[in-house]
Every structure is written in C-alpha cells, then in structure tokens.
Undergrad: 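The structure is given below, and queries will be raised subsequently.
As the structure is a prediction and not an experimental result, all values here were calculated from the model.
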Amino acid sequence: VFCVVSGLGTLVAVIIAVSALSTWKKQFSHNERFQAFKELEEIAFECIGSVEGFWGVFKDEYFPTNTPCFYQDHNEAKSKYSDVFWKSKEYYRVKVDFVQSLLSEAELKSFEYTYSQFDTKIHNILNHIVISYDNLDGEERFQSLLEVERNIYDLKLAIKTNLREYRGC
C-alpha cells in the first residue's frame, strides 16, 4: 500500500512539474517574441524617420523663403540621413529574419513586412520624394508630395498594426 501511495505521489509531482515547465516555456517564448517584434518596430520606425529626415532636407533646400536654410550643406545632410537609412534598413533585414523564425507556418503566410516587402515600400517612398523635387514643379509637385505624406503615414500605421498583431499586444 505504501509503495502504491508513494508511486502515485511521485506521478502527481511529475505531472505538476511538467505542467509548470510547460507554462514557463510558453511565458518565456511569449516574452522573447514580444521583445523581438518590439525591436523590429523600433528599427522600422528609425528607417522611416531617416526617410522623413531626408525629405526634410529637400523641403529646406527647395522651400522659397528669404530666411536662411536650416541645413548649411544640403548634400552633407542628405548623406547623413542616407547613411542612417541604409544602416537601419540592414538592421531591419537581420531582425526580420529572426522574427520570422518565431512565426508559425500559418502566421508566415499573412506576415506583411518581410524584408523585401518593407524594402519595396520604403524605397518607393524615397524614390517618390526624389522624383517630386527633381522632375516636378508647382501643383504637380505639391500633389506628389501629398502622396508621399500619405504613404509614410499609411506605412507607419500598417507596420504598427501588423507587428503588434504578432507580438501579442
């Protein structure tokens, strides 16, 4: 009888230990996933911010005013924002690869911000800025830059929505 009770006690202890370990594992992986998606969102916004800064240099350079420009050397300022852009885009490439490893097969199918998708969207915005200032004037430039502004806003909102859906917040 003592052996049976002892065996049952051991079995119950093992079941409790396995359950606790399983709970801990889920909690740990959720925390890792949350952090990874949070960092990816920060990197994406740093990249978008560098594009907005690059655009700001164009605004400063092309804005018709009699006041001095904010940037003393527009080419140097564009170069600075361009460097930040390329670095943050590379960080995004590395981080999104890790993030995708945390997704299930079903989640991967609906994940909207792989590197190539993000890269395409951010480059389209950047190209649109350059084309607007280099090739357009007047109302045509104004309308084109309104589209840039909408695209930046839409990208920010979509990234926030999509990544937060997967990070569990």
Undergrad: Find the distance between CG (Leu108) and OG1 (Thr114) and round it off to the nearest 0.5 Å.
TA: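 One finds 10.0 Å between CG of Leu108 and OG1 of Thr114.
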Undergrad: Please step through side chain to side chain contact (heavy atoms under 4.5 Å, CB included) for the pair Tyr92 and Tyr113, ending with a clear verdict.
TA: CA-CA 10 Å; Tyr92 188 91; Tyr113 287 98; 3.1 Å; yes
Undergrad: For Glu139, give me all partners under side chain to side chain contact (heavy atoms under 4.5 Å, CB included), at least two apart in sequence or on another chain.
TA: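 Testing Glu139 for side chain to side chain contact (heavy atoms under 4.5 Å, CB included), a comparison that skips the adjacent residues, returns Phe142, Gln143.
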Undergrad: Count the heavy atoms belonging to other residues, nucleotides or ligands that lie under 6.0 Å from CD of Gln117, then report whether that count exceeds 12.
TA: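 Enclosed: over 12 neighbouring heavy atoms sit under 6.0 Å from CD of Gln117.
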Undergrad: Hey, quick one: are Val130 and Trp55 part of the same hydrophobic cluster, counting side-chain heavy atoms closer than 4.5 Å, chains of contacts allowed?
TA: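 Yes, same cluster.
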Undergrad: Can you tell me how far CD of Glu42 sits from NZ of Lys95, rounded to the nearest 0.5 angstrom?
TA: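 One finds 9.5 Å between NZ of Lys95 and CD of Glu42.
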Undergrad: Name each donor-acceptor pair under 3.5 Å that joins a side chain in residues 152-159 to protein atoms two or more places apart or in another chain, with its distance.
TA:
residue, atom, partner, partner atom, Å
Lys156, NZ, Glu52, OE1, 3.3
Lys156, NZ, Glu52, OE2, 3.0

Undergrad: Would you please test Arg167 and Glu41 for side chain to side chain contact (heavy atoms under 4.5 Å, CB included) and show each step?
TA: CA-CA 10 Å; Arg167 82 177 192 194; Glu41 183 180 322; 3.5 Å; yes
Undergrad: Under the salt bridge (Lys or Arg N to Asp or Glu O under 4.0 Å) rule, collect the residues that match up with Glu90, sequence neighbours excluded.
TA: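 Listed in chain order: Arg93.
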Undergrad: Tell me every residue that passes side chain to side chain contact (heavy atoms under 4.5 Å, CB included) with Glu46, counting only those two or more places apart in sequence or in another chain.
TA: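 Expected list: Val84, Ser88.
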Undergrad: Nearest 0.5 angstrom please: Asn31 CG to Arg33 CZ, how far?
TA: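 So the gap between those two atoms works out to 12.5 Å.
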Undergrad: Which residues pass the ring-ring contact (aromatic ring centres under 6.0 Å, His included) test with Phe111, not counting sequence neighbours?
TA: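 So Phe111 forms a ring-ring contact (aromatic ring centres under 6.0 Å, His included) with Tyr166.
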Undergrad: If the condition is side chain to side chain donor-acceptor pair (under 3.5 Å), which residues does Ser132 pass it with, not counting sequence neighbours?
TA: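 Result, side chain to side chain donor-acceptor pair (under 3.5 Å) vs Ser132: Ser144.
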Undergrad: To the nearest 0.5 Å, tell me how far Leu40 CG sits from Gln100 CD.
TA: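 Rounded to the nearest 0.5 Å, the CG-CD separation comes to 9.0 Å.
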Undergrad: Would you please name every residue forming a side chain to side chain donor-acceptor pair (under 3.5 Å) with Ser101, sequence neighbours left out?
TA: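 With sequence neighbours excluded, Ser101 shows a side chain to side chain donor-acceptor pair (under 3.5 Å) to no residue whatsoever.
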Undergrad: Going from CD1 on Ile43 to CD1 on Ile48, what distance comes out if it is rounded to the nearest 0.5 angstrom?
TA: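 CD1 of Ile48 is found 12.0 Å from CD1 of Ile43.
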Undergrad: Where is the tightest heavy-atom contact between Ile122 and Cys47, given as atom of each residue plus distance?
TA: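 Smallest interatomic distance, heavy atoms only, reads CG1-SG, 4.2 Å.
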Undergrad: Only counting residues at least two apart or in another chain, list the ones meeting side chain to side chain contact (heavy atoms under 4.5 Å, CB included) with Glu112.
TA: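 Expected list: Asn162.
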Undergrad: Do Leu146 and Ile125 sit in one hydrophobic cluster, given that two such residues count as connected whenever their side-chain heavy atoms are within less than 4.5 Å of each other, even indirectly?
TA: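 No, because Leu146 and Ile125 fall into different hydrophobic clusters, even though each may have its own neighbours under 4.5 Å.
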Undergrad: Taking C-beta and beyond as the side chain, do Glu147 and Asn151 meet within less than 4.5 Å on heavy atoms?
TA: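 A side-chain contact under 4.5 Å exists here.
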Undergrad: Which donor-acceptor pairs under 3.5 Å do the side chains of residues 56-63 make with protein atoms, sequence neighbours left out?
TA:
residue, atom, partner, partner atom, Å
Asp60, OD1, Phe70, N, 2.9
Asp60, OD2, Phe70, N, 3.2
Asp60, OD2, Tyr71, N, 3.0
Asp60, OD2, His74, NE2, 2.8
Glu61, OE1, Lys78, NZ, 2.8

Undergrad: Evaluate the criterion side chain to side chain contact (heavy atoms under 4.5 Å, CB included) for residue pair Phe98 and Glu32; output intermediate values, then yes/no.
TA: CA-CA 11 Å; Phe98 174 70; Glu32 180 179 33; 3.7 Å; yes
Undergrad: Not counting sequence neighbours, which residues clear side chain to side chain contact (heavy atoms under 4.5 Å, CB included) with Asp119? List them please.
TA: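 Testing Asp119 for side chain to side chain contact (heavy atoms under 4.5 Å, CB included), a comparison that skips the adjacent residues, returns Lys89, Tyr115, His123.
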Undergrad: Please report the interatomic distance NZ(Lys80) to CD(Glu76), rounded to the nearest 0.5 Å.
TA: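 Separation between the atoms: 9.0 Å.
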Undergrad: Count the heavy atoms belonging to other residues, nucleotides or ligands that lie under 6.0 Å from OH of Tyr91, then report whether that count exceeds 12.
TA: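 Result for OH/Tyr91: open.
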Undergrad: Using a 3.5 Å distance criterion without hydrogens, assess whether the side chain of Glu39 forms a donor-acceptor pair with backbone atoms of Ala36.
TA: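 No; judged by distance alone, with no hydrogens or angles, the pair does not exist.
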Undergrad: Go through the structure and list residues passing side chain to side chain donor-acceptor pair (under 3.5 Å) with Asn135, not counting sequence neighbours.
TA: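 For Asn135 there are no side chain to side chain donor-acceptor pair (under 3.5 Å) partners, ignoring immediate neighbours.
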Undergrad: Quick one: side chain to side chain donor-acceptor pair (under 3.5 Å) partners of Ser82, sequence neighbours excluded?
TA: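 In terms of side chain to side chain donor-acceptor pair (under 3.5 Å), with neighbours along the sequence ignored, Ser82 is linked to Trp86.
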